[in-house]
Amino acid sequence: MTFCGLLPLLLLFSISSTPKTTANLEGDALFSLRRALKDPGNVLQSWDPTLVNPCTWFHVTCDQHNRVTRLDLGNAKLTGRLVPELGRLDHLQYLELYRNNLVGPIPKQLGELKSLVSLDLYHNNLTGPIPPSLSRLTNLRFLRLNGNKLSGKIPRKLTKLRNLKSFNVSNNDLCGTIPTSGSFYKFTEKSYLNNAKLKGPELMGSVSYDIGCD
Ligand SMILES: *[C@@H]1O[C@H](CO)[C@@H](O)[C@H](O)[C@H]1NC(C)=O
Ligand SMILES: *[C@@H]1O[C@H](CO)[C@@H](O)[C@H](O)[C@H]1NC(C)=O
């Protein structure tokens, strides 16, 4: 074989023999969360960023391809803020962080979690708006944000979420009117309790009734 014939082989060999980068993007994303949280109960103690993937960490579940599908950290005494890096877990189906003491905003990057079925952030101390980006979570069935300090309007775009079965924003500081279009026809006032500035349902079919917050 001529050298020219050998060259592609040499190239191929040098590429495949480069040590496989131990890219662990999902582990890194989760570790960013760990760094942003206080964990007095040590529930995140097993989260070792030097492992090849986070699939053996407690409270993390992966599929057969070692992609993270669940984060189960409800009732875990965690305090601190959510991080935008969570948006990188694009196989995540269940994000369970209810009944902690999380503060700060819901990162808009959670709208990148294409596989998400359940977003449970209820009973924390989250502030700021409900990100309109959550309307991109087309598989979402459970969206429970009750018992926080969320403010602003309920994004109208959320009514596009066809699969939404359970929606609760009770006990927040939301304002404006209650959407009734799209998948929201099925939710009752029990989804909206105790938001002093929320003004009641918008008129059916009337987009112009989507008024502001003052
Ligand atoms: C939210 O913060 C208040 C103090 O600002 C505190 O009393 C309350 O227990 C917190 N709620 C949760 C669910 O941690
Ligand atoms: C929403 O949560 C509140 C408690 O924060 C509860 O009282 C209410 O029944 C819940 N609504 C639905 C529809 O489950």
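Read the numbers this way: they start at 1 and go in the same order the structure lists the ligands and their atoms. Computed from a predicted structure; not experimentally measured.
Asp90 places none of its side-chain heavy atoms less than 4.5 Å from the side chain of Leu113. Counting heavy atoms from C-beta on, the side chains of Val60 and Thr69 never come closer than 4.5 Å.
Ser118 and Glu96 share a donor-acceptor pair across their side chains, judged by distance under 3.5 Å alone. Side-chain N/O atoms of Arg144 and Ser170 include no donor and acceptor closer than 3.5 Å.
Heavy-atom minimum distance, Glu26 versus Arg88: OE2-O, 4.0 Å.
Here's the thing with Ser191: none of its N/O atoms is less than 3.5 angstrom from an N/O atom of ligand 2.
Interface of Asn146 with ligand 2, defined as ligand atoms under 4.0 Å from a residue heavy atom, comprises 2 (O), 4 (C), 5 (O).
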Which pairs of donor and acceptor atoms, one on a side chain in residues 188-198, lie under 3.5 Å apart (sequence neighbours left out)?
unit_1 : atom_1 : unit_2 : atom_2 : d
Thr188 : OG1    : Lys190 : N      : 3.2
Ser191 : OG     : Phe167 : O      : 2.8
Asn194 : ND2    : Asn171 : OD1    : 2.8
Asn195 : OD1    : Asn172 : N      : 3.3
Asn195 : OD1    : Asp173 : N      : 3.3
Asn195 : OD1    : Leu174 : N      : 3.0
Asn195 : ND2    : Val169 : O      : 3.1
Asn195 : ND2    : Tyr192 : O      : 3.1
Asn195 : ND2    : Leu193 : O      : 3.3

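Aromatic ring orientation, Trp57 versus Phe31: perpendicular (interplanar angle above 60°, classes split at 30° and 60°).
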Could you tell me, for ligand 1, which of its N or O atoms are under 3.5 Å from any protein N or O, listing the pairs and their distances rounded to 0.1 Å?
unit_1   : atom_1 : unit_2 : atom_2 : d
ligand 1 : 2 (O)  : Asn125 : ND2    : 2.2
ligand 1 : 11 (N) : Asn125 : ND2    : 3.0
ligand 1 : 14 (O) : Asn101 : OD1    : 2.9
ligand 1 : 14 (O) : Asn101 : ND2    : 3.4

